[in-house]
Amino acid sequence: PPVLYSDYFFNNNNGQPIFDTRIGITIAEKHRVSLISNNVFNRTYSLRPLKADPMRSILIQYVGDF
């Protein structure tokens with residue numbers, strides 16, 4: 001059956017807490033490593049009707065000054 005906007009709105013209009021984290025450590029004066037995670041608890045959510053936003057993502061970032 002087709003998904004109707006009104007059905008989606010009434011079933012999902014109660015809010016969702018979404019948590020993002022960013023943890024970093026400086027290894028030396030010019031080196032930094034960070035662990036970045038979006039949607040930590042892997043919740044299904046939508047900022048716009050019927051457009052699901054991305055699931056959990058985890059990124060390791062290295063920054064070095066040369």
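With sequence neighbours excluded, the residues that form a ring pair (Phe, Tyr, Trp, His ring centres under 6.0 Å) with Phe19 are Phe41. Remark: Arg56 pairs with no residue by the side chain to side chain donor-acceptor pair (under 3.5 Å) rule, at least two apart or across chains.
Met55 is not connected to Leu47 by any chain of hydrophobic side-chain contacts under 4.5 Å among Ile, Leu, Val, Met, Phe, Trp and Tyr, and they are in different clusters. Hydrophobic clustering (side-chain heavy atoms under 4.5 Å, transitive across Ile, Leu, Val, Met, Phe, Trp, Tyr) groups Val33 together with Leu35.
Side-chain atoms of Ser34 do not come within 3.5 Å of backbone N or O of Gln61 as any donor-acceptor pair.
Going from atom OH of Tyr62 over to atom NE2 of His31 covers 4.0 Å, rounded to the nearest 0.5 Å. A distance of 9.0 Å separates CG of Asn42 from OG of Ser37, quoted to the nearest 0.5 Å.
By the 6.0 Å contact criterion, CZ on Phe10 is open, its count of non-hydrogen atoms from other residues, nucleotides or ligands being 12 or less.
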Please tabulate, for the side chains in residues 20-28, all donor-acceptor contacts under 3.5 angstrom to protein atoms that are two or more places apart in sequence or on a different chain.
residue : atom : partner : partner atom : Å
Asp20   : OD1  : Asn39   : N            : 2.8
Thr26   : OG1  : Arg32   : NH1          : 3.1

